[in-house]
**Student:** 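Pasting a structure here, questions to come.
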Amino acid sequence: MDLGLVGLGKMGGNMRERIRRAGHTVIGYDRNPDLADVHSLEELVGKLEGPRVVWVMVPAGAATQSTIDELAELLEPGDVVVDGGNSRWTDDEKHAEELAAKGIGFVDCGVSGGVWGLENGYALMYGGDAENVAKVQPIFDALKPEGDSGAVHAGKVGAGHFAKMVHNGIEYAMMQAYAEGWELLEKVDSVTDVREVFRSWQEGTVIRSWLLDLAVNALDEDEHLDGLRGYAQDSGEGRWTVEAAIDHAVPLPAITASLFARFASRQDDSPQMKMIAALRNQFGGHAVEKK
């Protein structure tokens with residue numbers, strides 16, 4: 001089938017290649033003309049035969065909204081827009097309603113796989129009406145990993161991005177657990193080869209995972225991570241996961257703590273710890289360190 005793909009960055013570019021390898025035609029548009037097959041969304045839509053499917057892979061928020069707004073004026077009834085970026089699930093409901101007013105279908109799709117997806121396939125979580133999902137199914141089949149797992153029709157519109165959001169929240173907590181264990185191992189004198197301890201966990205243990213494999217890769221490149229600064233950004237999905245937990249009164253202590261740990265990483269000199277040190281000094285006479 002033919003597919004229009006908007007956004008050809010690290011993820012989108014590799015997705016275009018994987019879909020093409022599966023025998024489909026992909027017409028890609030990107031603001032960077034060196035990456036694009038066409039020079040505008042209008043040209044992209046003009047090269048597709050109906051019913052058209054256009055997959056959007058641009059940053060969440062204003063960029064996604066403006067792209068969908070433009071596509072709404074270019075597409076026709078029966079066409080389908082897929083949002084494969086990291087949009088908030090509440091935005092999906094808004095976009096589906098706006099496009100439905102013009103007879104255009106909408107499917108939201110959470111995509112996981114990163115830079116490894118081209119060769120390994122992408123885990124896909126999608127939401128939308130069965131009729132619209134069916135129009136995109138050949139592309140889902142091309143992108144997913146080989147075998148019976150790796151893709152799911154999670155439910156109605158918004159379900160795909162909600163599932164991907166929870167996936168990323170779990171990822172936050174798993175990464176934090178590996179990081180804390182690594183720091184503790186590095187701290188003690190009795191453990192002399194932390195990297196090989198991590199490597200030994202890759203087989204036969206209950207904590208083996210792809211994240212653990214990636215941790216070993218990182219330690220192979222820089223055994224004590226001396227070349228890195230202890231600063232971690234967050235994509236926003238961790239925050240949304242915690243907000244959704246509050247809205248639904250679901251306790252998420254591990255995921256919430258991992259998010260807050262990232263916030264703490266951005267402080268060279270924690271204001272909170274200044275107060276903790278001052279209080280310990282006041283009530284117990286504990287020593288404080290001066291600048």
**Student:** Is a salt bridge present between R52 and D2, judged by a nitrogen-to-oxygen distance below 4.0 Å?
**Tutor:**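 Between D2 and R52 there is no salt bridge, as every charged N stays at least 4.0 Å from the carboxylate O atoms.
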
**Student:** Does D234 come within less than 4.0 Å of R266, counting only side-chain N to carboxylate O?
**Tutor:**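 So D234 pairs with R266 through a salt bridge.
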
**Student:** Quick one: do K187 and E183 make a salt bridge, cutoff under 4.0 Å?
**Tutor:**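 Looking at K187 and E183, the cut-off is not met.
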
**Student:** Please determine if E171 and K164 form a salt bridge, counting it only when a charged side-chain N lies under 4.0 Å from a carboxylate O.
**Tutor:**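 Salt bridge absent between E171 and K164.
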
**Student:** Thinking salt bridges, do K135 and D79 make one under a 4.0 Å N-O criterion?
**Tutor:**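 Between D79 and K135 there is no salt bridge, as every charged N stays at least 4.0 Å from the carboxylate O atoms.
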
**Student:** Quick check: are there more than 12 heavy atoms from other residues, nucleotides or ligands sitting under 6.0 Å from CG of D189?
**Tutor:**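 No, not enclosed.
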
**Student:** Are any of the side-chain heavy atoms of R262 and Y172 separated by less than 4.5 Å?
**Tutor:**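 A side-chain contact exists here, since the closest heavy-atom pair is under 4.5 Å.
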
**Student:** Surrounding CD of E97 (heavy atoms of other residues, nucleotides or ligands, distance under 6.0 Å), is the total greater than 12?
**Tutor:**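 Open.
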
**Student:** May I have all residue pairs that pass ring pair (Phe, Tyr, Trp, His ring centres under 6.0 Å) and include part of residues 35-63, sequence neighbours excluded?
**Tutor:**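 As it turns out, the ring pair (Phe, Tyr, Trp, His ring centres under 6.0 Å) pairs with a partner in residues 35-63, which skip direct neighbours, are W55-F140.
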
**Student:** Does some side-chain heavy atom of M15 sit less than 4.5 Å from a side-chain heavy atom of M57?
**Tutor:**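 SC-SC contact between M57 and M15 confirmed.
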
**Student:** Is a salt bridge present between R199 and E196, judged by a nitrogen-to-oxygen distance below 4.0 Å?
**Tutor:**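 Looking at R199 and E196, the cut-off is met.
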
**Student:** Of all the heavy-atom pairs spanning L99 and A72, show the shortest one and how long it is.
**Tutor:**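 Of all heavy-atom pairs spanning L99 and A72, the closest is CD2-CB, 3.8 Å.
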
**Student:** To the nearest 0.5 Å, what is the distance between CG (D83) and OG1 (T64)?
**Tutor:**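 Taking CG in D83 and OG1 in T64, the distance rounds to 5.0 Å.
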
**Student:** Test of understanding: clusters of I, L, V, M, F, W, Y form through side-chain heavy atoms closer than 4.5 Å, transitively. Do V111 and V26 belong to the same one?
**Tutor:**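 Same hydrophobic cluster.
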
**Student:** Just by distance, with hydrogens left out, do Y178 and S209 show a side-chain donor and acceptor under 3.5 Å apart?
**Tutor:**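 Yes, because at least one side-chain N or O of Y178 sits under 3.5 Å from a partner of the opposite role on S209.
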
**Student:** Shortest non-hydrogen contact from L143 to L124?
**Tutor:**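 That would be CB-CD1, 3.9 Å.
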
**Student:** If you draw a 6.0 Å radius around CZ in R31, do more than 12 non-hydrogen atoms from other residues or ligands fall strictly inside?
**Tutor:**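 Count not over threshold, so no.
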
**Student:** Quiz question: by atom type and distance under 3.5 Å, do the side chains of S87 and D91 form a donor-acceptor pair?
**Tutor:**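 Side chains of S87 and D91: no pair found under 3.5 Å.
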
**Student:** Are side-chain heavy atoms of I104 and V80 found at a separation under 4.5 Å?
**Tutor:**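 The answer is no, as the side chains (C-beta and beyond) never meet within the 4.5 Å cut-off.
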
**Student:** Are R18 and Y122 in a cation-pi contact, defined as NZ or CZ under 6.0 Å from the six-membered ring centre and within 45° of the axis?
**Tutor:**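 No, R18 does not sit over the ring of Y122.
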
**Student:** Do Y126 and V136 have side chains that approach each other closer than 4.5 Å (heavy atoms only, starting at C-beta)?
**Tutor:**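 No; the side chains remain at least 4.5 Å from each other.
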
**Student:** Say whether E237 and H167, considering side chains only, have a donor N or O and an acceptor N or O under 3.5 Å apart.
**Tutor:**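 Distance-only check fails for E237 and H167.
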
**Student:** Kindly give the heavy-atom pair with the smallest separation between W201 and R208, and that separation in Å.
**Tutor:**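 Looking at all heavy atoms of both residues, the closest pair is O-CB, 3.5 Å.
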
**Student:** Under a 4.0 Å threshold between the charged nitrogen and the carboxylate oxygen, would R88 count as salt-bridged to E243?
**Tutor:**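 Counted as a salt bridge, because a side-chain N and a carboxylate O are separated by less than 4.0 Å.
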
**Student:** Less than 3.5 Å apart, any donor N or O on the side chain of E221 or N217 sitting next to an acceptor on the other?
**Tutor:**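 Judged by distance alone, the side chains do not pair up.
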
**Student:** Looking only at non-hydrogen atoms, find the nearest pair between S265 and A232 and report the distance.
**Tutor:**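 Nearest heavy atoms, S265 then A232: OG-N, 3.0 Å.
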
**Student:** Less than 4.5 Å apart, side chain to side chain, heavy atoms only: is that true for L48 and V54?
**Tutor:**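 Yes. Closest side-chain heavy atoms under 4.5 Å.
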
**Student:** What pairs of residues pass the ring pair (Phe, Tyr, Trp, His ring centres under 6.0 Å) test when at least one of them lies in residues 231-282, not counting sequence neighbours?
**Tutor:**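 Checked against ring pair (Phe, Tyr, Trp, His ring centres under 6.0 Å) - neighbours excluded - the pairs reaching residues 231-282 are F260-F263.
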
**Student:** Answer whether the closest heavy-atom distance between the side chains of R20 and H24 falls below 4.5 Å.
**Tutor:**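 Counting from C-beta outward, R20 and H24 never come under 4.5 Å.
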
**Student:** Do T256 and T241 have side chains that get closer than 4.5 Å, going by heavy atoms?
**Tutor:**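 T256 does not reach T241 side chain to side chain.
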
**Student:** Return yes when atom CD of E131 has more than 12 non-hydrogen atoms of other residues, nucleotides or ligands closer than 6.0 Å, and no otherwise.
**Tutor:**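 Atom CD in E131 is not packed in, count stays at 12 or less.
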
**Student:** Mind listing the closest non-hydrogen atom pair of L44 and I27 along with its distance?
**Tutor:**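 Smallest interatomic distance, heavy atoms only, reads CD1-O, 3.4 Å.
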
**Student:** Roughly how far, to the nearest 0.5 Å, is the CD1 atom of I170 from the CG atom of L211?
**Tutor:**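 Separation between the atoms: 11.5 Å.
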
**Student:** When you check the gap from the basic side-chain N to the acidic O, do K102 and D69 get nearer than 4.0 Å?
**Tutor:**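 Salt bridge: no.
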
**Student:** Between K156 and D108 (salt bridge meaning N to carboxylate O under 4.0 Å), is one present in this structure?
**Tutor:**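 Result for this pair is no, no salt bridge flagged.
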
**Student:** Give me the atom names and distance for the closest heavy-atom approach of V6 to V58.
**Tutor:**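 V6 and V58 have their closest heavy atoms at O-CG1, 3.8 Å.
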
**Student:** How about E42: does its CD atom have over 12 heavy atoms from other parts shown lying under 6.0 Å from it?
**Tutor:**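 Count not over threshold, so no.
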
